[in-house]
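Inspection log for the structure reproduced underneath, given as structure tokens.
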Amino acid sequence: RHVLWNGGIDVLGFGGDTMHMARLSDTGRMKYSLESLTEDLLGQRKVPMKEIFGEHRLRKDGSEGALVDLPPIERLQRELKSRENFIRYSAFDAKSTYNLYMHLKDRLLTMSWVKDLNLMDYYHMHMRPFGELLTDLERRGMLVAKDYLADVEQQAREDRRGHVQAFRQWAFKYLGADALAMNLASSKQLTTFLFGGSMNMKTKEPTEVENVFKMPRADISDEAMEAYRERDAQLKALPRDDGEVDEPEMDEFDQMKAGELKVLCKEYGLKVSGKKAELQQRLRGHFQLMASSDSTSDSVIDDYKSMSVQDLRDACKARSIETKGKKKNDLIKDLRDDDSFAREISAEIMKNPQKDSSATYRTISELLEEAVDTGENDALKNILAGIREKNAEEPKYVDVTIKSLGMEPDKFTVGGAPSATADVLRKLAGDPFADPPNYGRAYEFFGGGQEGHDACVAFFSLTAIGSIDTMIANFLTSLQTLADHQKRVHCSLNINTETGRLSSRKPNMQNQPALEKDKYKIRQAFKASAGNRLIVADYGQLELRLLASMTDCTSMIEAFEAGGDFHSRTALGMFKYIQDAVENGECLLEWDYGEGEPPKPMLKDLYASERRKAKTLNFSIAYGKTSHGLSQDWGVSQQEADAMLQAWYDSRPEVEKWQKETKATAKKYGLTRTLMGRYRHLPHAKEKNMKMLGHALRASINTPIQGGAADVAMMAMLKINNSELLKKLGWILLMQVHDEVILEGPEETSEEAFEEVLKCMQNPWVLGLDKTKVPLLVDGSCVHDNWYDAK
DNA sequence: CACGCACGC
DNA sequence: GCGTGCGTG
């Protein structure tokens with residue numbers, strides 16, 4: 001539809017979408033591409049374009065690389081070479097799609113939906129229109145304030161710099177210069193620094209106490225480089241410890257390439273063949289020999305016997321020794337004589353050190369220096385000049401060595417290694433800026449006092465950096481680059497989740513920072529266009545309302561019908577002592593603040609932590625979280641988490657009963673269904689593998705909840721998009737975030753439009769979607785200039 | 001490319 | 001639990 005639209009053709013909708021149809025028949029497939037579907041369902045694979053028209057990308061040397069590029073479509077269509085093939089391809093593509101459509105149609109016709117209808121009915125009635133609706137939303141896009149994003153991006157970068165600076169300066173005390181070069185976006189570096197040496201929970205092996213990271217010089221500040229130079233200078237000035245084995249001194253030969261070494265060997269009449277190390281040794285021997293009087297320099301390598309006659313001749317020539325008519329042994333003798341002569345000369349010089357102070361010990365480097373100064377050897381001169389130049393250049397990479405502080409980790413990654421997520425770092429930091437400060441774990445570790453305080457402040461900075469990084473990369477810069485020439489961003493909306501929820505890409509509109517945590521107010525960047533306003537409306541506890549309705553759970557239905565704070569009511573049901581407190585009048589469950597201050601403390605204040613737990617549990621149930629995940633979040637044992645979950649279920653026995661039945665059905669038939677009767681195949685529910693089985697059974701009870709919410713949201717969106725009233729008032733649907741919708745339209749009609757949106761959302765009922773036993777609560781408001789203000 | 005981490009509901 | 005996307009190594 002988009003492709004035709006871009007070509008100036010507006011089609012109303014689809015005849016069908018093979019991807020959506022295939023997903024409706026089976027959500028468990030890994031791929032829904034035309035290629036994969038035709039291969040599996042029709043037994044006739046549609047060959048991908050890349051395989052037919054692809055061209056291998058050329059390597060630097062001109063040979064064909066592994067990567068295949070697809071030439072621009074315009075070229076394939078117009079160039080004679082590919083044109084006919086392209087037409088055939090396109091026709092086959094269309095035919096495959098049609099065949100696939102017919103195949104999937106037959107399949108959906110055999111799958112029952114509700115009453116005596118089948119899934120093809122479902123497809124025509126709901127899903128096909130929904131597919132069209134999604135392309136409407138994609139085409140409309142959302143207006144973003146690019147200039148605002150640019151400003152905030154600068155601010156975020158400034159904040160980041162401050163935090164990085166703060167942490168590095170603190171870490172300098174423990175890590176020295178390396179702290180200033182550390183990459184704080186690297187979890188590997190961070191975990192090495194904090195927790196290195198601790199046990200990997202999976203492999204049971206200790207983690208590295210020290211790691212060296214190759215960092216690009218360009219990413220390292222001049223300040224850090226200065227610190228490195230200072231450190232190296234101090235190390236050099238330090239007296240050497242006795243007993244320590246010196247690392248062998250590096251010299252210029254170590255830096256020469258094999259070719260260069262060979263040239264020099266030839267120049268100085270030495271054997272040219274052999275390994276690189278042998279060449280180096282030979283040359284060192286030669287230069288020491290030339291300089292030394294030490295008669296023990298017999299150790300100097302004498303390779304003459306193993307050299308070929310031609311090489312020996314070359315060697316002699318290099319030393320101006322006559323070779324005419326000489327045999328191999330003569331050549332060797334002459335060369336050895338020449339060596340002895342050199343030794344004698346050196347010995348003479350050594351006898352009178354005053355005469356020539358250079359006779360003292362000299363390093364290879366010094367010897368080479370002299371050789372260049374005195375000699376006419378151009379090869380040596382050039383090679384050394386090359387090495388000097390290279391050494392003068394700054395290295396492209398700097399080794400950053402990170403040693404562990406040796407702290408105890410308390411959370412681990414999937415791979416068993418210590419984890420450094422924001423919540424771990426928050427625990428270390430505590431709240432050092434509170435009055436009085438509320439220090440975290442780091443305080444004790446660094447011995448309390450000023451040191452402890454400084455550590456907590458540093459860790460506080462660390463908690464901010466990871467978040468700022470995602471804000472910049474994911475939202476601030478990405479939204480600016482994705483906006484079109486009219487400053488609208490067009491995401492791609494996909495029905496590709498296991499439960500039937502939507503997902504959004506490029507950009508992901510569904511993970512924009514939530515209002516409370518939106519430090520940089522990114523939602524402010526999503527605006528209504530000139531003269532227009534936004535309506536934002538969302539369901540309250542949609543999943544839990546559906547769960548209450550599906551399970552016929554008395555306590556939940558009562559709680560929803562009573563209204564008020566659902567999480568407080570959950571806490572009330574879970575903890576006997578809270579129930580008693582409310583019954584005895586010690587605290588209030590609800591209060592109308594319109595009547596002034598409450599006469600007694602509120603439940604949500606008096607039992608704040610219980611309410612928080614209840615709230616987390618409510619979400620966990622809706623999302624299908626496990627007790628394992630819950631224990632991770634709360635930092636408690638799995639038994640404790642299990643006990644809390646049990647407390648939740650105890651006050652809702654109908655839910656537990658429903659879950660049991662649903663799991664049994666999944667085990668028996670290998671499938672589960674959503675509120676609207678969509679299927680989710682769960683082949684692993686029939687399996688023995690405990691891990692897969694557990695997953696499948698959890699999915700079996702979660703999909704009706706999450707998928708049911710997705711069904712409701714879909715129907716509400718269809719109602720909104722089809723509403724004649726909204727059309728008349730000039731309002732259009734822009735976006736959906738699972739249980740939230742956003743519309744844009746003229747300010748004058750916003751109140752009336754808002755009422756209509758609420759109506760659509762509260763009454764999404766259609767064929768296949770029965771009315772729930774609890775009302776669907778919708779929160780929201782209108783007349784907003786941007787998404788953020790819709791709080 | 002696997003992984004860890006961040007964001008959302 | 002379900003998603004997307006980024007940076008690192």
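So you know, we letter chains A, B, ... as the sequences are listed, proteins then strands, and number each from 1.
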How many Å lie between [atom1] on [X] and [atom2] on [N], as a whole number?
X	N	atom1	atom2	answer
N183(A)	dC5(B)	CG	P	14 Å
K519(A)	dC7(B)	NZ	P	12 Å
L502(A)	dC2(C)	CG	C1'	12 Å
Y520(A)	dC7(B)	OH	P	12 Å
E208(A)	dG9(C)	CD	C1'	14 Å
R680(A)	dG1(C)	CZ	C1'	10 Å
L190(A)	dC3(B)	CG	C1'	15 Å
I701(A)	dG1(C)	CD1	C1'	10 Å

Would you mind classifying the nucleic acid contact of [X] as base, sugar-phosphate or nothing, using non-hydrogen atoms under 4.0 angstrom?
X	result
H695(A)	sugar-phosphate
M471(A)	sugar-phosphate
Q512(A)	sugar-phosphate
Q706(A)	base
S504(A)	sugar-phosphate
D469(A)	nothing
S186(A)	sugar-phosphate
T191(A)	nothing
F213(A)	sugar-phosphate
A417(A)	nothing
Q189(A)	sugar-phosphate
G415(A)	sugar-phosphate
K506(A)	sugar-phosphate
S620(A)	nothing

Heavy atoms from C-beta onward define the side chain here; which of [options] lies closest to that of [X]?
X	options	answer
R523(A)	dG9(C), dG8(B), dA6(B)	dG8(B)
S503(A)	dT4(C), dG1(C), dG7(C)	dT4(C)
A185(A)	dG4(B), dG7(C), dC9(B)	dG7(C)
A422(A)	dA6(B), dG9(C), dG7(C)	dA6(B)
P513(A)	dT4(C), dG8(B), dG1(C)	dG8(B)
R505(A)	dG5(C), dC9(B), dC5(B)	dG5(C)
E498(A)	dC5(B), dC6(C), dC2(C)	dC2(C)
K517(A)	dG1(C), dG5(C), dG8(B)	dG8(B)

Does [X] have a side-chain nitrogen or oxygen under 4.0 Å from the phosphate oxygens OP1 or OP2 of [N]?
X	N	result
R698(A)	dG1(C)	yes
N496(A)	dT4(C)	yes
T413(A)	dG4(B)	yes
S467(A)	dC7(B)	yes

How about L479(A) and Q512(A): do any of their side-chain heavy atoms sit closer than 4.5 Å? yes
For residues M182(A) and L190(A), determine if any side-chain heavy atom of one lies less than 4.5 Å from a side-chain heavy atom of the other. yes
Flag if over 12 foreign heavy atoms under 6.0 Å of NZ, K411(A): yes
Does atom CZ of F460(A) have more than 12 heavy-atom neighbours from other groups under 6.0 Å away? no
Taking [Y]'s backbone N and O only, do any of them form a donor-acceptor pair with [X]'s side chain (distance below 3.5 Å, no angle check)?
X	Y	value
E205(A)	N200(A)	no
D642(A)	S627(A)	no
R673(A)	P704(A)	no

Ring-on-base stacking between Y623(A) and dC9(B), under 5.5 Å between centres and under 30° between planes: is it there? yes
Only one of Q154(A), Q155(A), E153(A) passes side-chain hydrogen bond (donor to acceptor under 3.5 Å, both in side chains) with R157(A); say which it is. E153(A)
